[in-house]
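Structure first, then comments.
Only heavy atoms go into these numbers, but all of them, side chains included; no hydrogens, no water, no symmetry mates.
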Amino acid sequence: MNPSRFCSLLTVTAALLTACNAPTTGAPTGAVDSPELHTQGKAKGKGHKHFQSTTPAQPRGRNLQKLPDFRGPPIPKPPPSSPGTFRSQALTGTANPNVFALRMLVVTAGAGDPNLETARTLLGQAGVPFDVLDATAAVLTEGALMNADGSGRYQGVILTNNALLYEANGQWQSALDVPEWQLLWEYERLYGARQLALYTYPGTWPEDYGLRPVDGSASDTADLRTTAAGGAVFRDLRPGATVPVRHAWNYPATVTAAEGVAGTQPLLTDAGGRVLAATSATTDGRERLALTFAHNPFLLHSQLLNLALLDWVTRGLYVGEYRRYNQLDIDDWFLPNDRYDPATGQIAPDSFRISAQDALSLRNQQTALQTGYDVATTFRFAIAYNGGGANTAAPLSCDPAAPSPDPLSSMSRCLAGSFDWFNHTRDHLYMDFLSRDESYVQVNSNKSIGVKLGLVRSTRSLVTGDMSGLGYYNPDGEGVKTDFGLQASNMNFLLASQDAGVQFLASNHSVSSQWDPSCHNCGMDHPLNPTIFLVPRWPTNIFYYATDPAEIAASYNAVYGPGGTRPYWDHNLSYAEVLDKESDLALSHVLAGGAYPHYMHQSNLREYTPGRSVASDWERALLDKYTRYSTLPLKTLRWDDLGVYMKRRTVFMKANVRAVVNRAARRVSITSPAGGAVYVTGLTAGQSVEQYGGRPISSWNFSPNQTRTFNLP
């Protein structure tokens, strides 16, 4: 995914701001396979398992990408002529404040507002319905807030910055004028709509939060700690955790008594006890939460705080659902991979296949991860197997040293229920040009081999060799691949997969045509065969031909080191540094709430020292970072269950589900125009209810245009 690079730097000079471009720095983010990195030479039509080359290694990985460097924008101090604290004014229409939609209003100061994408992401990751009002282009009216029957359009309000400042004709001004501010505040008061200000200058304009800036303390670095009250709001943060704010301007503040403010409660403070987030109430009953630091959807502090902010502004009741996932696929089980020589930089073709001991150790490493991390108790490796490399005559054995025609096949029988096994085709052929019969043999015969070995499988799921067959290929069968789009998929392969009972097919998140950037945590029905649903996967820079730390570091630096084919870092990274950079990427994906699996290869499973492999090292690095900050459990689903969930989630995200609360009757009515899956967080009345992180998530199956009514808790 190419992150939005709105890397603005706004600096305060008196009462105005100057915009300039900031350089991008930091660890890679996203996951984009580069066509130039695909040098696997596979014959047109048939293909080969892996590329045969003795040239310097090119990873089956992705372009290195960078976290945005977002050092702002600092917010200007109010000009001397600022009108100060405004007062709410009565609505002219007939209000019905007991009835309002479960929908959010985002108010922004123009399309270039750097915090707008943060607000969109905060809501979009959970699938919460929302509208964006660009207050520089549209007037805020009663009709924008209330329906003709007096019911409210919104349950809460998010301001991208507390004053909605923007620059026009060289002057900084608020996008809302005095009557518009008064109207917004009166709506919030009357309908009980909470207000979240994502980025706040701790002053008095346009209204007072009971916060004052500490002179000389503004910077682009802070370390956040929760207060006692903050622990109740940011309840997913691990007790005692420090949340780092980096590359984002912040304004430490103190609390002061202020006119019109009934009380200010600090939630987040820095090491000196200065306030960086607080709730406050107005004397007329409005509730507000103000953050005095900038955001970006890809920055760690924004990702860690998003769910708690959503809970607060919606009072824990909203259309949508948010969960975090930890899915790791291992491809090519039973087949050999190429191997990288750190000394020469050469690749030895098909020269490494894991041993029975490696396989047994992986089961034990998995158990250690499950028991060692309270958030990962359900973690399980998903094994994409190629039965063409197995021996179905090998007897079951749990002893790596036992005689066997193929010890790995014998051990795999022993581990048949330890992992989530799923189909990777029999021989790992490219599926771009195969006939229907050839494709069927590759898919269905691999299922039969899995049955003969007794593997406990996800039977409806498939990943092809290099995720081929989906319109991303080289017409000559070798060299750089081109994304021709899903319409250029091999229809023979799709029909054969359908014939073999495949419903869920792994696609490549690095190929733009194979995932939907407009839909958070969604898959895609294949446009040529909608019986096949695509589930995107994240590549990693843990290259498929590296088996131990030395090979990982050398192969990584051969690409991204100062002398590499794609130089980026200013020095060659150690193995620990590579894991640090790669786990940063994975952590960003996990915190975004996506269920897309990461994937590695069987060569990354070598037990290079007792109880350790590159794959489990990577997983441990991810979990170490995650548990440093969060207690929210990470879900790991079997591939068939993952496909079902992703399809339901995608239907829900595109269904335009609507819900209306009647506060007096303590009821909520839910309508799904398109039908299908519906999720509501905060209700316990669903056809299924999951308690996740202390939050009830209800789900139903609705018919098109069906409306159901439920009691509020």
Check step by step if ring-ring contact (aromatic ring centres under 6.0 Å, His included) holds for His526 and Phe533. CA-CA 6 Å; His526 197 291; Phe533 183 79; over 10 Å; no
Do the non-hydrogen side-chain atoms of Asn521 and Tyr596 ever get within less than 4.5 Å of each other? yes
Taking the basic N atoms (NZ, or NE/NH1/NH2) and the acidic carboxylate oxygens, is any pair closer than 4.0 Å for Arg288 and Glu188?
no
Would Gln155 and Tyr318 count as a side-chain contact (heavy atoms from CB on, under 4.5 Å) if you check the C-alpha gap in whole Å, the side-chain angles of each, and the deciding distance to 0.1 Å? CA-CA 9 Å; Gln155 66 182 124; Tyr318 52 88; 4.3 Å; yes
* Asked: Can you check whether Leu310 reaches Val128 side chain to side chain, under 4.5 Å on heavy atoms?
  -> yes
Any Lys/Arg nitrogen of Asp311 or Arg235 sitting under 4.0 Å from an Asp/Glu carboxylate oxygen of the other? yes
Fill in: Presence of salt bridge, Glu287 and Arg189, under 4.0 angstrom
no
| message | Is the shortest side-chain heavy-atom distance between Leu622 and Tyr373 below 4.5 Å? | response | no
Working note: Thr314 + Arg194, criterion side chain to side chain donor-acceptor pair (under 3.5 Å); need CA distance, chi angles, decisive distance, verdict. CA-CA 7 Å; Thr314 62; Arg194 284 178 166 176; over 6 Å; no
Q. With a 4.5 Å limit on heavy-atom distance, are the side chains of Leu164 and Leu159 in contact?
A. yes
Tell me whether the rings of Phe652 and Tyr679 are parallel (<30°), tilted (30 to 60°) or perpendicular (>60°). perpendicular
ask   = Any idea how His598 and His589 line up, ring-wise: parallel (<30°), tilted (30 to 60°), or perpendicular (>60°)?
value = parallel
inquiry  = Is it the case that the side chains of Asn162 and Glu207 hold a donor-acceptor pair, with the cut-off being a distance below 3.5 Å and no angle test?
reply    = no
Take Leu505 and Leu470 through the test side-chain contact (heavy atoms from CB on, under 4.5 Å) and record every step on the way to the result. CA-CA 10 Å; Leu505 179 63; Leu470 295 175; 3.8 Å; yes
Side chain Gln125, main chain Gly593, donor-acceptor under 3.5 Å | no
Would you say that Thr108 contacts Val132 through its side chain, given a criterion of any heavy-atom pair below 4.5 Å between the two side chains? yes
Looking at Asp516 and Lys654, is there a salt bridge between them, counting it only when a charged N and a carboxylate O are closer than 4.0 Å? yes
* May I have the step-by-step check of side chain to side chain donor-acceptor pair (under 3.5 Å) for Asn296 and Glu117, ending in yes or no? => CA-CA 7 Å; Asn296 179 293; Glu117 193 58 31; over 6 Å; no
Nearest heavy-atom contact between Trp312 and Thr279 is NE1-CG2, 3.8 Å
Rounding to 0.5 Å, atoms CG (Leu309) and CG (Leu196) come to a distance of 5.5 Å
**Message:** Check whether Thr269 reaches the backbone of Val275 with its side chain - one donor and one acceptor, N or O, closer than 3.5 Å.
**Reply:** no
Taken in chain and number order and not counting sequence neighbours, the residues that satisfy side chain to side chain donor-acceptor pair (under 3.5 Å) with Arg363 are none
* To do: Report the C-alpha distance between Thr671 and Thr707 in whole Å, list the side-chain angles of each, state the deciding distance to 0.1 Å, and finish with yes or no for side chain to side chain donor-acceptor pair (under 3.5 Å).
  => CA-CA 4 Å; Thr671 303; Thr707 297; 2.7 Å; yes
message: If we ignore hydrogens and angles and just use 3.5 Å, is the side chain of Thr264 paired with the main-chain N or O of Tyr209 as donor and acceptor?
response: yes
The side chain to side chain contact (heavy atoms under 4.5 Å, CB included) partner of Val661 among Asn98, Leu712, Val99 is Leu712
Check: Would you say the side chain of Ile158 lies within less than 4.5 Å of the side chain of Leu123, judging by non-hydrogen atoms?
Finding: yes
| message | I'd like to know if Arg238 pairs up with Asp374 as an ion pair, taking the criterion as any Lys NZ or Arg NE/NH1/NH2 lying under 4.0 Å from an Asp or Glu carboxylate oxygen. | response | yes
Leu299 and Ala248 have their tightest heavy-atom pair at CD1-CB, 4.3 Å
Tyr154 and Tyr187 have their tightest heavy-atom pair at O-OH, 2.7 Å
If you apply the rule side-chain contact (heavy atoms from CB on, under 4.5 Å), what do you find for Lys647 with Asp525, and how did you get there? CA-CA 8 Å; Lys647 189 170 181 67; Asp525 287 324; 2.7 Å; yes
Checking Thr292 against Thr200: is there a side-chain donor and acceptor pair closer than 3.5 Å?
no
Side chain to side chain donor-acceptor pair (under 3.5 Å) between Ser458 and Asp420, worked out:
CA-CA 7 Å; Ser458 284; Asp420 175 31; 2.8 Å; yes
Check: Just by distance, do the side chain of Lys447 and the backbone of Ala500 share a donor-acceptor pair under 3.5 Å?
Finding: yes
Would Asp284 and Arg286 satisfy side-chain contact (heavy atoms from CB on, under 4.5 Å), going step by step from the backbone distance to the final call?
CA-CA 6 Å; Asp284 63 1; Arg286 291 190 301 118; 3.9 Å; yes
Dump the intermediate steps for ring-ring contact (aromatic ring centres under 6.0 Å, His included) on Tyr645 and Phe504, then the final yes or no. CA-CA 11 Å; Tyr645 165 69; Phe504 309 118; over 10 Å; no
Of all heavy-atom pairs linking Ala95 and Leu190, the shortest is CB-CD2, 3.5 Å
_Could you check whether Asp640 pairs with Arg457 (Lys NZ or Arg NE/NH1/NH2 to Asp/Glu carboxylate O, under 4.0 Å)?_
no
Less than 4.0 angstrom from a charged side-chain N to a carboxylate O is my criterion; do Arg153 and Asp131 meet it? no
Can a salt bridge be assigned to the pair Asp331 and Arg537 using a cut-off of 4.0 Å between side-chain N and carboxylate O?
yes
Hits for side chain to side chain donor-acceptor pair (under 3.5 Å) against Trp639, two or more places apart or cross-chain, chain-then-number order -> Asp329
Checklist entry - So, the side chain of Glu582 versus the backbone of Trp618: is there a donor-acceptor pair under 3.5 Å, distance only? => result no
Do Ser699 and Gln687 meet the criterion of a side-chain donor-acceptor pair at a distance under 3.5 Å? no
Between Arg460 and Val644, the two heavy atoms sitting closest are NH2-CG2, 3.8 Å
_Electrostatic pair Arg695:Glu321 at N-O distance under 4.0 angstrom_ = no
For Met146 and Tyr191, the nearest pair of non-hydrogen atoms, with its separation, is CG-OH, 3.6 Å
request  = State, yes or no, whether a side-chain contact exists between Gln503 and Gln498 at a heavy-atom distance under 4.5 Å.
outcome  = no
Side chain proximity check, Val502 to Ile532, heavy atoms < 4.5 angstrom: yes
- So, Ser302 versus His295: side-chain donor-acceptor pair below 3.5 Å or not? yes
- Does any N or O in the side chain of Asn147 come within less than 3.5 Å of the main-chain N or O of Gly150, such that one atom is a donor and the other an acceptor? no
Rounded to the nearest 0.5 Å, the CG atom of Asn508 sits from the CH2 atom of Trp515 at a distance of 11.5 Å
| message | Assess, by modelled atom type and distance only, whether the side chains of Gln514 and Ser507 contain a donor and an acceptor separated by less than 3.5 Å. | response | no
Could you tell me whether a side-chain N or O of Thr371 sits under 3.5 Å from a main-chain N or O of Thr367, the two making a donor and an acceptor? yes
